[in-house]
Amino acid sequence: MKKFVFATNNIHKLEEVEAIIGKKIEIFSLKDIGCVTDIPETSDTLEGNALQKARFIYEKYHKDCFADDTGLEVEALGGAPGVYSARYAGEAHNSEANMRKLLLELEGVENRKARFRTVFALILNGKEHLFEGIVNGEITKTRRGMSGFGYDPIFVPDGYTQTFAEMGDALKNKISHRAIGVQKLCKFLNTLQ
């Protein structure tokens, strides 16, 4: 079984990716390898941040790894919050404050189209690979649902009536941006066997 470090300190992301991957590969968290460093994310692109995190782990720990960065891109806001999604309302990474700010900025706005975009950077045997997952949808006018994390309570994917937070993890983990990106990553890994 292939073993990889997932370069994230976000326990929700770790659990979500483990649920999507299942038993296909063995995933180690940063905690599992003794990494307590808050890995910098200073790029102005999702690709750049994902690569920055993966390179940090590969260079310091010499382990095959992958990392992701995700952004919510709202059409009426010119793609914002995008790469700044986690700290949209400030450096505290507060999901409630981020959602409040976004809903306030979209007050009275007809166009609520948005998309979640995730980029995974994989470093395998020193070679870098990128995989992208996108799910289109729209922003609701109010919060709905209790599961998930981040902007899940205000995002309804195309073809559905429930927000990610209403549909629960089982369905979300089949159709989400992260699921699409992870599936592409796994498909690539399967070609190497």
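Note: Phe66 and Phe6 meet the aromatic proximity criterion, with ring centroids under 6.0 Å apart.
Using a 4.0 Å cut-off between charged side-chain N and carboxylate O, Arg117 and Glu47 make a salt bridge. Salt-bridge formation is detected for the pair Glu41/Lys53: a Lys NZ or Arg NE/NH1/NH2 atom is positioned less than 4.0 Å from an Asp or Glu carboxylate oxygen. A salt bridge does not link Lys141 with Glu107: none of the charged nitrogens is closer than 4.0 Å to a carboxylate oxygen.
Applying the side chain to side chain contact (heavy atoms under 4.5 Å, CB included) rule to Tyr58 yields the partners Asp64, Cys65, Ile123; only residues at least two apart in sequence or on another chain are considered. When the side chain to side chain donor-acceptor pair (under 3.5 Å) test is applied to Asn111, the partners found at least two apart in sequence or on another chain are Glu75.
Atoms CG and NE2, on Leu189 and His129 in that order, are 8.5 Å from each other to the nearest 0.5 Å.
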Report the C-alpha distance between Phe4 and Phe28 in whole Å, list the side-chain angles of each, state the deciding distance to 0.1 Å, and finish with yes or no for ring-ring contact (aromatic ring centres under 6.0 Å, His included).
CA-CA 6 Å; Phe4 292 90; Phe28 294 93; 9.8 Å; no
Is there a side chain to side chain contact (heavy atoms under 4.5 Å, CB included) between Ile27 and Val17 once you walk through the steps?
CA-CA 9 Å; Ile27 299 176; Val17 168; 3.9 Å; yes
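For Asp158 against Gly137, the heavy-atom pair with the smallest separation is OD1-CA, 3.2 Å.
Within the 4.5 Å cutoff, the side chain of Ile57 has heavy atoms near those of the Ile39 side chain.
Cation-pi geometry between Lys184 and Phe131 is not met at under 6.0 angstrom from the ring centre and within 45 degrees of the axis.
Listed by chain and number, the hydrophobic cluster partners of Tyr84 are Leu46, Leu51, Val83, Val119, Leu130, where partners are ILVMFWY side chains within reach of under 4.5 Å, directly or through others.
The only option from Thr70, Asp44, Asp69 that meets the side-chain hydrogen bond (donor to acceptor under 3.5 Å, both in side chains) definition with Asn49 turns out to be Asp69.
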